[in-house]
> 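A single structure is presented below for examination.
In this chain, residues are counted from 1 in sequence order.
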Amino acid sequence: MGFSLQPHHRRAASALLLGAAALSLAACRRDRFPAYPSNYREFAYITDGQANAVTVLDLVYLRKDRSVNVGRNPSGIVASPTRNEIYAVNTGSDSVSVIDAGTNTVAATIGVHHTPYFLAVSPDGLRAYVPNSGSNTVSVLDLDKRREIATVASGEGPGVARVSPDNRALVVSNRTAGSVSIYNIGSDTQAPLRFRSTFSGCPGATDIAILPDSSKAFIACSGGHQVMVVWLAAAPESYRGQQDATLQQDHLLSLLDVGKTPVQLAMEPSGNEVFSMNFDSDSISEISTWTNEVIATTLVGPKPVRGVISEDTGLAAPGTLWVSTFGTDSIAAYSIDDSRVETSVRTGAHPDAIAFSTDQHALLVVDTGSADVAVIRTQKTTTPELVTMLPAGAQPHDIAIKSFHVKRNGAPKTE
């Protein structure tokens with residue numbers, strides 16, 4: 001799952017007080033949320049490593065829906081981009097649980113290999129790729145047939161995988177080896193992945209961000225203080241490939257100095273900038289993807305660990321980088337245009353994974369120290385504020401969001 005922090009001690013008393021205060025405010029503030037049609041459904045899914053379960057939260061009514069039993073020690077979780085399914089990676093039982101979002105039940109379990117933490121789904125929703133950190137391989141899953149169809153070798157300790165938006169390349173970070181592996185994605189079921197290139201010199205390689213045009217990958221080197229930039233080979237028939245034959249090959253572009261221990265990368269929707277969360281420097285670094293340069297580094301608070309950037313949806317304030325600061329029990333709102341932290345909002349203890357609701361009216365923050373999820377209202381016409389706290393399970397790890405409309409007969413519509 002990349003870089004993950006789980007505290008040994010939980011601040012239960014303060015979390016309960018905070019939760020009680022937030023719940024007392026929820027009733028009077030719920031009417032400020034958007035009105036949804038009666039057939040609209042939206043859920044948040046949070047892996048609970050201690051209970052071997054996924055906690056399901058109803059985001060329409062802001063309440064817990066249920067807890068779904070999966071494999072042992074679930075860690076990473078991802079929503080399908082094309083179907084009403086959620087995929088939970090079970091690190092302790094070397095498997096992936098397929099959750100049907102329409103019924104919130106486990107529809108299938110797919111075996112993979114040793115110690116997976118993360119899963120990447122292709123843009124068309126047909127395949128998934130699971131780095132197996134304990135066996136130095138990547139599993140290729142056919143999501144229609146719900147089975148593993150291939151396994152390829154990787155570097156030592158693969159942790160995170162990302163599929164390029166054009167569905168031509170898979171980029172895998174090898175944390176133990178301090179390297180990055182790149183593969184060609186093909187339609188051949190006998191050889192769906194073919195090794196293409198590797199780049200070393202990225203200690204503790206973890207999170208990956210790929211530009212919307214699939215031209216570059218940025219990799220956080222969490223064992224040091226750099227972000228690696230790699231050019232991804234252009235297709236021979238593409239404009240870039242025809243203009244310059246050398247662009248048809250992967251190559252290392254740069255190693256950028258950022259803060260110490262960059263653990264996660266957040267990319268602006270346009271792809272113009274990438275931000276690194278520098279855990280041990282209490283800062284974020286702003287990277288221009290045009291020039292491959294660090295253009296600013298800003299203190300945001302103790303131990304920044306995750307970041308997400310809002311788009312202009314009509315509800316969320318665009319151009320804001322939200323950063324969970326693990327050491328302050330709060331989340332910081334950083335204005336990209338103004339290059340400064342505008343405000344912070346209190347959460348539970350040790351905030352980590354974060355995600356927006358589908359229309360971005362709310363930001364959900366997983367609090368690993370108080371075992372809850374902080375729901376923060378982010379509508380751009382108001383000041384961000386904590387609305388309520390919802391239960392997340394005893395040992396929450398990651399979060400995924402899925403929304404859809406149901407048909408009149410109650411069956412979910414694929415969106």
Side-chain angles (χ1 to χ4, degrees), residues 1-2 78 113 116-124 126-133 135-141 149-188 190-223 226-238 240-241 244-256 262 264-265 267 271 274 276 287 289 292:
M1 197 174 98
V78 179
H113 296 271
Y117 288 96
F118 188 85
L119 176 145
V121 180
S122 61
D124 57 14
L126 298 178
R127 289 183 185 170
Y129 305 91
V130 184
N132 303 298
S133 68
S135 52
N136 303 331
T137 60
V138 177
S139 293
V140 183
L141 308 184
I149 59 173
T151 305
V152 299
S154 68
E156 189 177 359
V160 174
R162 301 285 184 199
V163 183
S164 61
D166 62 6
N167 206 19
R168 291 185 63 249
L170 180 74
V171 182
V172 178
S173 61
N174 306 305
R175 186 179 179 89
T176 305
S179 66
V180 179
S181 300
I182 302 174
Y183 304 83
N184 275 329
I185 295 175
S187 57
D188 182 3
Q190 300 301 313
L193 280 184
R194 292 185 182 276
F195 175 76
R196 204 163 85 187
S197 58
T198 188
F199 299 94
S200 59
C202 184
T206 178
D207 199 25
I208 302 164
I210 302 177
L211 295 187
D213 66 0
S214 303
S215 63
K216 297 178 187 178
F218 295 76
I219 304 93
C221 308
S222 68
Q226 293 182 313
V227 169
M228 175 181 280
V229 188
V230 174
W231 172 265
L232 298 179
E237 68 277 7
S238 69
R240 284 193 295 262
D244 186 346
T246 65
L247 298 182
Q248 297 178 28
Q249 303 296 322
D250 303 315
H251 56 270
L252 178 64
L253 291 173
S254 185
L255 281 167
L256 306 177
Q264 191 253 345
L265 301 174
M267 185 170 62
V274 168
S276 72
I287 298 168
T289 63
N292 301 326

> Report the distance from atom CG of N184 to atom CZ of R194, rounding to the nearest 0.5 Å.
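One finds 9.0 Å between CG of N184 and CZ of R194.
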
> Using side-chain hydrogen bond (donor to acceptor under 3.5 Å, both in side chains) as the criterion, list what pairs up with D244, not counting sequence neighbours.
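T246.
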
> Holding to side-chain hydrogen bond (donor to acceptor under 3.5 Å, both in side chains), I want the full list of residues that pass it with S181, two or more places apart in sequence or in another chain.
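Listed in chain order: N174.
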
> Are T289 and L211 packed together at the side-chain level, in the sense that at least one heavy-atom pair is separated by less than 4.5 angstrom?
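Counting from C-beta outward, T289 and L211 do come under 4.5 Å.
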
> Taking D166 for the side chain and S214 for the main chain, is one N or O donor matched with an acceptor at less than 3.5 Å?
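Side chain of D166 to backbone of S214: no pair is present.
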
> What pair of heavy atoms forms the shortest contact from A233 to Q248, and how long is it?
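Taking A233 first and Q248 second, the nearest heavy atoms are CB-O, 3.1 Å.
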
> Decide yes or no for S154 and Y183: does some side-chain heavy atom of the first lie under 4.5 Å from some side-chain heavy atom of the second?
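In contact.
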
> With a 4.5 Å limit on heavy-atom distance, are the side chains of L119 and Y129 in contact?
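SC-SC contact between L119 and Y129 ruled out.
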
> Side-chain contact, heavy-atom cut-off 4.5 Å: P158 with N136?
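SC-SC contact between P158 and N136 confirmed.
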
> How close do R127 and D124 get, counting heavy atoms only, and between which atoms?
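Smallest heavy-atom distance, with atoms named: N-OD1, 4.3 Å.
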
> Do the non-hydrogen side-chain atoms of I149 and L141 ever get within less than 4.5 Å of each other?
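Answer no - side chains too far apart.
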
> Test V171 against every option in D250, V160, V180, V230 by the side-chain contact (heavy atoms from CB on, under 4.5 Å) rule and name the one that passes.
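Running side-chain contact (heavy atoms from CB on, under 4.5 Å) over D250, V160, V180, V230 with V171 returns exactly one hit, V180.
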
> Working to the nearest 0.5 Å, report the span between CD1 of I182 and CG of L193.
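One finds 12.5 Å between CD1 of I182 and CG of L193.
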
> Can you find a pair of side-chain heavy atoms, one from R168 and one from I185, that are under 4.5 Å apart?
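No - every pair of side-chain heavy atoms lies 4.5 Å or more apart.
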
> Does the side-chain contact (heavy atoms from CB on, under 4.5 Å) test come out yes or no for D207 and I219, once each step is laid out?
CA-CA 6 Å; D207 199 25; I219 304 93; over 6 Å; no

> Any side-chain heavy-atom pair from S133 and Y117 closer than 4.5 angstrom?
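Of all side-chain heavy-atom pairs linking Y117 with S133, at least one is under 4.5 Å.
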
> Is there a side-chain contact between F118 and V130 in this structure, where contact means two heavy atoms from C-beta onward sitting under 4.5 Å apart?
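The answer is no, as the side chains (C-beta and beyond) never meet within the 4.5 Å cut-off.
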
> Under 3.5 Å, is there a donor-acceptor pair between the side chain of W231 and the main chain of S215?
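No: the side chain of W231 does not pair with the backbone of S215.
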
> Mind listing the closest non-hydrogen atom pair of S222 and G204 along with its distance?
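Scanning both residues, the minimum pair turns out to be OG-O, 2.6 Å.
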
> Return the CZ to CG distance between F195 and L170, rounded to the nearest 0.5 Å.
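Between atom CZ of F195 and atom CG of L170 there are 12.0 Å.
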
> Within a 6.0 Å radius of atom CD on Q249, are there more than 12 heavy atoms belonging to other residues, nucleotides or ligands?
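For Q249, atom CD is not crowded (no more than 12 foreign heavy atoms under 6.0 Å).
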
> Search all heavy atoms of T151 against all heavy atoms of S139 and return the closest pair with its distance.
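Shortest heavy-atom separation between T151 and S139 comes out as OG1-OG, 4.3 Å.
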
> State the CG-CG distance between N292 and L253, to the nearest 0.5 angstrom.
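If I round to the nearest 0.5 Å, the distance is 5.5 Å.
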
> At what distance, to the nearest 0.5 angstrom, does CZ of F199 lie from NE2 of H251?
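If I round to the nearest 0.5 Å, the distance is 8.0 Å.
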
> Roughly how far, to the nearest 0.5 Å, is the CG atom of L256 from the CD atom of Q226?
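Answer rounded to 0.5 Å: 8.0 Å.
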
> If you look at every heavy atom in P192 and V140, which pair is closest and at what distance?
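Smallest interatomic distance, heavy atoms only, reads CG-CG1, 3.9 Å.
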
> Between I210 and L232, does the side-chain contact (heavy atoms from CB on, under 4.5 Å) criterion hold? Intermediate values first, please.
CA-CA 9 Å; I210 302 177; L232 298 179; 4.0 Å; yes

> What's the shortest heavy-atom distance between S179 and A205, and which atoms?
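Here S179 and A205 meet closest at O-CB, 3.6 Å.
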
